[in-house]
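What follows is a short report on a single structure.
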Amino acid sequence: MYGHPILARLEQVGWVDSTWEDPTVHEEAGRPRRRFYRITKDGAEQARLALARACRARRQPLPGWAATRPVGAVAAEDDAELPGGPVG
């Protein structure tokens, strides 16, 4: 069960991965177990593309950190639709 439906959707399409906290850690702390999320390489690329489309739609320059692809990243079509429909 997910606490945040959007994280479940992102995990289903492969844009984030999740792991559960070690049971001994949460037991010692006396609290519920945590679920940790990490963005995947594909998720980072799709986020960059979505940001680029949003900036183009608003005629704003891309932030410097989003303007380039990471080394070794697979180039994707900038106007490709995302799973679940287009962004924007």
Side-chain angles (χ1 to χ4, degrees):
M1 174 130 202
Y2 291 90
H4 302 284
I6 189 64
L7 291 172
R9 185 174 175 202
L10 292 173
E11 189 166 21
Q12 288 170 354
V13 297
W15 294 0
V16 298
D17 289 325
S18 69
T19 57
W20 283 101
E21 178 178 43
D22 183 322
T24 58
V25 174
H26 82 89
E27 289 168 359
E28 289 174 3
R31 58 169 168 70
R33 202 163 80 165
R34 296 177 184 166
R35 190 168 191 148
F36 299 111
Y37 293 89
R38 178 176 299 180
I39 193 165
T40 63
K41 287 182 182 182
D42 188 42
E45 177 68 6
Q46 293 300 327
R48 188 193 66 75
L49 294 171
L51 179 61
R53 284 193 299 277
C55 288
R56 275 197 310 269
R58 291 174 181 83
R59 293 191 164 91
Q60 295 175 341
L62 278 174
W65 56 264
T68 59
R69 286 186 178 93
V71 174
V74 176
E77 181 62 41
D78 281 350
D79 293 322
E81 286 193 7
L82 306 177
V87 172

**Study point:** Minimum heavy-atom distance I39-W15, with the two atoms named
**Key:** CG1-O, 3.4 Å

**Study point:** Short side-chain to backbone donor-acceptor contact, E11 and S18, under 3.5 Å
**Key:** yes

Check your understanding: Is there a donor-acceptor contact under 3.5 Å from the side chain of T40 to the main chain of G14?
Key -> yes

Value rounded to 0.5 Å, distance of [atom1] in [X] from [atom2] in [Y]:
X   : Y   : atom1 : atom2 : answer
F36 : T19 : CZ    : OG1   : 6.5 Å
R34 : D22 : CZ    : CG    : 12.5 Å
R56 : R53 : CZ    : CZ    : 7.0 Å

Exercise for review: Using salt bridge (charged side-chain N to carboxylate O under 4.0 Å, His left out) as the criterion, point out the one residue from R31, R33, R35 that pairs with E21.
Suggested key: R31

Point to revise | Those residues that, when tested against R38, pass salt bridge (Lys or Arg N to Asp or Glu O under 4.0 Å) (two or more places apart) | key: none

Review point. Same cluster for I6 and V16 if Ile/Leu/Val/Met/Phe/Trp/Tyr side chains link at under 4.5 Å?
Key: yes

